[in-house]
Amino acid sequence: MKKYLTVGILSLLLLSLFAVVLILVSKFKANSNFIPEFAHNINIEKENKQKNNENFTWQEELAKWPSKDFTPAAEQFNLYVDVDTSDLKEKSKYYQLIIDKNDIYSVFCLKQTLKSFDVKYFLLKSSDSPEIFLDTDNKELIDEIIKELKKYKINTQAKEIWL
């Protein structure tokens, strides 16, 4: 019984809400032609402007726009020139050691010898033999390194390189 009473009350409230909405909508439709006086003046001004603008082409209309003080991004560009000055620099003298052996022991002895002489070097391992580039222009030091490597039965040759 309570169930039916609750459903009845809810349906009565829903029906009354629906009736109020219908009444408000009908009153709104009755006053839909109402336009305030200030809105009427604005509409008249818009119509006058449209009539005046109908005589102009889009180019003329665009020409009347006020000019802005800016530069479009398409007109500006930056150009960076990185000049190759490597030919202008003075070349340095380096030595390349050419070794006849390419085993682990020979490379180890070579590294230890170069460390003992405190020489900067660059070791490039290739399939035939390692290539060692020494950062020094002292020919006497190179001759001493070659003598030291002969103690380990490593035959080397020094080749002068200008870079």
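- When the shell of 6.0 Å around NZ of Lys93 is examined, it contains more than 12 heavy atoms from other residues, nucleotides or ligands.
- Cluster annotation: Val119 and Ile98 are assigned to distinct hydrophobic clusters (Ile/Leu/Val/Met/Phe/Trp/Tyr, side-chain heavy-atom contacts under 4.5 Å, transitive).
- Taking both residues in full, the closest heavy atoms of Tyr94 and Asp135 are given as CE2-OD1, 2.9 Å, listed atom of the first, atom of the second, then distance.
- The environment of Lys153 atom NZ is sparse: at most 12 non-hydrogen atoms of other residues, nucleotides or ligands sit within 6.0 angstrom.
- Ile154 and Tyr121 end up in the same hydrophobic cluster when Ile, Leu, Val, Met, Phe, Trp and Tyr side chains are linked at under 4.5 Å.
- Remark: Glu148 engages Lys151 in a salt bridge, criterion side-chain N to carboxylate O under 4.0 Å.
- Here the CG atom belonging to Asn155 is positioned 10.0 Å from the OG atom belonging to Ser106, to the nearest 0.5 angstrom.
- The minimum heavy-atom distance linking Ile146 with Ala158 is given by the pair CD1-CB, 4.0 Å.
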_Leu149 vs Ile99, side chain to side chain contact (heavy atoms under 4.5 Å, CB included): CA-CA, chis, key distance, verdict_ = CA-CA 10 Å; Leu149 290 173; Ile99 301 172; 5.6 Å; no
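- Contact between Thr113 and Tyr152 at its shortest, heavy atoms only, is OG1-CE1, 3.8 Å.
- Residue Gln157 qualifies as open at atom CD: its count of foreign heavy atoms under 6.0 Å is 12 or below.
- Enclosure of atom CG in Asp118 is not indicated, since only 12 or fewer non-hydrogen atoms of other residues, nucleotides or ligands lie within 6.0 angstrom.
- In this structure the side chain of Tyr95 never reaches within 4.5 angstrom of the side chain of Lys159, judged on heavy atoms.
- Hydrophobic clustering of Ile, Leu, Val, Met, Phe, Trp and Tyr side chains at less than 4.5 Å, counting indirect connections, unites Ile161 with Leu124.
- Atom CG in Leu134 sits 12.5 Å away from atom NZ in Lys120 (nearest 0.5 Å).
- With a 4.5 Å cut-off on side-chain heavy atoms, Leu123 and Val107 count as touching.
- Linking ILVMFWY side-chain heavy atoms closer than 4.5 Å, directly or via other members, places Phe122 and Leu141 in two distinct hydrophobic clusters.
- Hydrophobic cluster membership differs between Phe108 and Leu114, with clusters built from Ile, Leu, Val, Met, Phe, Trp and Tyr side chains linked at under 4.5 angstrom.
- Heavy atoms of other residues, nucleotides or ligands lying less than 6.0 angstrom from CG of Leu10 number more than 12.
- Between Thr136 and Asn138, the closest heavy-atom pair is OG1-N, 3.2 Å.
- Separation of atoms CG (Leu97) and CG (Leu110) is listed at 7.0 Å; rounding is to 0.5 Å.
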